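Worth knowing before you read on, the calculation uses all heavy atoms, side chains too, and leaves out hydrogens, waters and symmetry mates. When a ligand or atom number is given, it counts from 1 through the structure's own listing order. Keep in mind it's a predicted model, so treat the numbers as computed, not measured.
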Amino acid sequence: MTTHKTERVLLLGIDLGTARTAVMSNRQFKGLVHTVVGYPKDIIGVKILNRTQVVGAEAIEKRSLLDLYYPLQDGMLKEASEKDLDAARELLQQVVAMATPAAGDKVCGIIAIPARAALSNKGQLLKLMDGIMDTAALVAAPFMVAYGQDRLSNALIIDVGAGTIDLCAMRGTIPGPDQQLSIFKGGNYIDGLLEAAIRDGHSGVHVDRYLAQAIKERYGFVGQPEQRVVVPLRIHGKPAEVDVTEAIRVTCETIVADIVEGIKRMLLQFDPECQAAALTNLVLAGGGARIRGLGPMIENDLREYGEVKVTVSSEPEFAAAAGALKLATELPPEYWDQIGDVVSR
Ligand SMILES: Nc1ncnc2c1ncn2[C@@H]1O[C@H](COP(=O)(O)OP(=O)(O)OP(=O)(O)O)[C@@H](O)[C@H]1O
Ligand SMILES: [Mg+2]
């Protein structure tokens, strides 16, 4: 009797973002890792850490010992140095390992990348994937958000990431370059402004980009504040309670006008008879979708356009990874070249 060996396939949906990489598997694994790799600055760091590299949140925590490499910047893969590319490769390796493939498993993944990288960095990224998975396809992240939520026509996706805000008009086909738009004002831009605003408002206050980001992620809002935001900081080294309400509102609101302008431009990609439908099908995704009040403010700023409805994705930082996994599950890997660029071994 012959035993028929069925090949086991681990399917992955990955969103390789500037700040965070999300991964989901067809075996219910779900993880989020900061897109950063740290290398010890010198031998002392190696001794303390007992490792030559640290990936993700731990690298940020131990940043005083490490040189940090963020492989993506402004929605593009950094190709500045070998170290940046090594960091990208190590990160992807780690992300696949997190999903724990069993020995002998085939690993096939659809990888959502920022829209800009999808338009120009694909070759480099495909090279990086080579050897990490059996089959990998690269697809623009906002398209995967749309796929995951079955919003494939008359929908406009607004992916508020760390490096860029990507807009994508879905018209019932795979979106081309004309249906996508990147705005260079993502969460990192807000963090920089917030750090400066807090420092300018309180002389001698100690704040850095990471602290500003943490404050934004906890309290970020636009429009009317629900309550004052007072945070414990240090001024000239002494503990102090600092009111950052206005600083948060003003800096978070800096992205709204660009988003609204982007929506107006993308709207013209739809046939006139579809524009009203698209306006009631605006979807916010990406970590920045968690900024409180963003949806209502966009709706209000577009009120001259008739009925406008913004939906916030339920777990916005996983929206693209969930869509990529859904597509990976629904379309057999041998057809992936129809939706993106593929490497296979
Ligand atoms: N609760 C929150 N309020 C405001 N911003 C938040 C919140 N949570 C996360 N963010 C911000 O969302 C951004 C990360 O979102 P996301 O993981 O979608 O980005 P990314 O995919 O890594 O970036 P990109 O798409 O630009 O490559 C960061 O700037 C982060 O500070
Ligand atoms: Mg993203």
Side-chain angles (χ1 to χ4, degrees), residues 13-24 30-36 56-57 60 70-78 88 91 95 111-119 121 125 138-146 148 157-168 180-195 208-223 226 229 244 247-249 251-256 258-259 283-295 297 312-324:
I14 296 175
D15 178 10
L16 177 61
T18 306
R20 275 162 219 192
T21 296
V23 53
M24 295 174 72
K30 192 171 178 186
L32 197 60
V33 48
H34 286 261
T35 310
V36 57
I60 295 176
Y70 287 83
L72 292 171
Q73 199 175 41
D74 299 330
M76 304 270 279
L77 179 70
K78 263 203 237 158
L91 188 105
V95 164
I111 300 150
I113 52 174
R116 273 191 94 206
L119 291 172
N121 274 155
L125 276 161
L138 294 177
V139 188
F143 170 38
M144 288 300 93
V145 172
I157 311 301
I158 305 146
D159 180 357
V160 188
T164 52
I165 301 172
D166 291 341
L167 276 69
C168 175
Q180 300 186 62
L181 178 79
S182 290
I183 300 165
F184 299 92
K185 284 189 179 176
N188 289 347
Y189 170 81
I190 298 176
D191 300 343
L193 292 181
L194 181 58
E195 179 192 346
D208 67 4
R209 191 158 62 85
Y210 297 96
L211 190 52
Q213 183 181 61
I215 293 171
K216 177 201 69 181
E217 291 184 4
R218 175 128 187 232
Y219 301 105
F221 74 96
V222 295
E226 286 164 14
V229 181
V244 291
I248 294 176
R249 185 186 64 74
T251 54
C252 286
E253 285 182 2
T254 55
I255 62 171
V256 178
D258 293 79
I259 293 177
V283 179
L284 276 176
R290 292 195 182 272
I291 296 173
R292 290 182 203 86
L294 192 52
M297 187 169 270
V312 180
S313 308
S314 59
E315 281 187 298
E317 47 287 286
F318 281 101

Heavy-atom distance under 4.5 Å between the side chains of F318 and K30, does that happen here? yes
How far is atom 6 (C) of ligand 1 from the closest protein heavy atom, and which atom is that? G287 O, 3.4 Å
The atoms of ligand 1 lying under 4.0 Å from a heavy atom of P114, numbered in the order shown, are 27 (O)
Output the list of atoms in ligand 1 that are nearer than 4.0 Å to some heavy atom of T164, sorted by atom number. 26 (O)
Non-hydrogen side-chain atoms of L125 and I113 separated by less than 4.5 Å: yes
G163 neighbourhood, listing ligand 1 atoms whose heavy-atom distance to it stays under 4.0 Å: 23 (O), 24 (P), 26 (O)
Output yes when the distance from some N or O of ligand 1 to some N or O of L16 is under 3.5 Å, and no in every other case. no
Passes salt bridge (Lys or Arg N to Asp or Glu O under 4.0 Å), D191 versus K216? Steps please. CA-CA 7 Å; D191 300 343; K216 177 201 69 181; 2.8 Å; yes
Measuring from atom 27 (O) of ligand 1, which candidate in D166, T18, T21 has the nearest non-hydrogen atom? T18
What is the nearest protein non-hydrogen atom to atom 19 (O) of ligand 1, stated with its residue, atom name and distance? A162 N, 3.3 Å
Suppose we measure from atom 21 (O) of ligand 1 to each protein heavy atom; which comes out shortest, and what is that distance? G17 CA, 3.4 Å
Considering only the protein, which heavy-atom contact is closest to atom 1 (N) of ligand 1, and what is its distance? E217 O, 2.8 Å
Under 4.0 Å from one or more heavy atoms of R20, ligand 1 contributes atoms 17 (O), 22 (O)
For I158, the option from I165, L181, V145, V283 that meets side-chain contact (heavy atoms from CB on, under 4.5 Å): I165
So if I count the atoms of ligand 1 from 1 in the order they appear, which ones are less than 4.0 Å from some heavy atom of G286? 18 (O)
Using side-chain heavy atoms (C-beta onward) and a distance below 4.5 Å, is T164 in contact with T18? no
Atom indices of ligand 1 within 4.0 angstrom of A19 heavy atoms, with elements: 20 (P), 22 (O), 23 (O)
Subset of ligand 1 atoms that lie under 4.0 Å from at least one heavy atom of K216: 3 (N), 4 (C), 5 (N), 11 (C), 29 (O), 30 (C), 31 (O)
With the side chain counted from C-beta on, respond yes when P71 and K78 share a heavy-atom pair under 4.5 Å apart, and no when they do not. no
Student check: side-chain heavy atoms of L16 and L91 closer than 4.5 Å: yes
Of the protein's non-hydrogen atoms, which lies at the shortest distance from atom 4 (C) of ligand 1, and what is that distance? I291 CG1, 3.4 Å
Would you say the side chain of Q213 lies within less than 4.5 Å of the side chain of I190, judging by non-hydrogen atoms? no
For atom 25 (O) of ligand 1, closest protein heavy-atom neighbour: G161 CA, 3.6 Å
Assess G288 for proximity to ligand 1: is some non-hydrogen atom of it under 4.0 Å away? yes
Measuring only between side-chain heavy atoms, which start at C-beta, is D15 closer than 4.5 Å to M144? no
Tell me whether E226 at atom CD has more than 12 heavy atoms from other residues, nucleotides or ligands lying less than 6.0 Å away. no
Would a 4.5 Å heavy-atom cut-off, applied to side chains only, mark N121 and L72 as touching? no
Backbone, side chain, both or neither: what part of Q213 comes under 4.0 angstrom of ligand 1, heavy atoms only? side chain
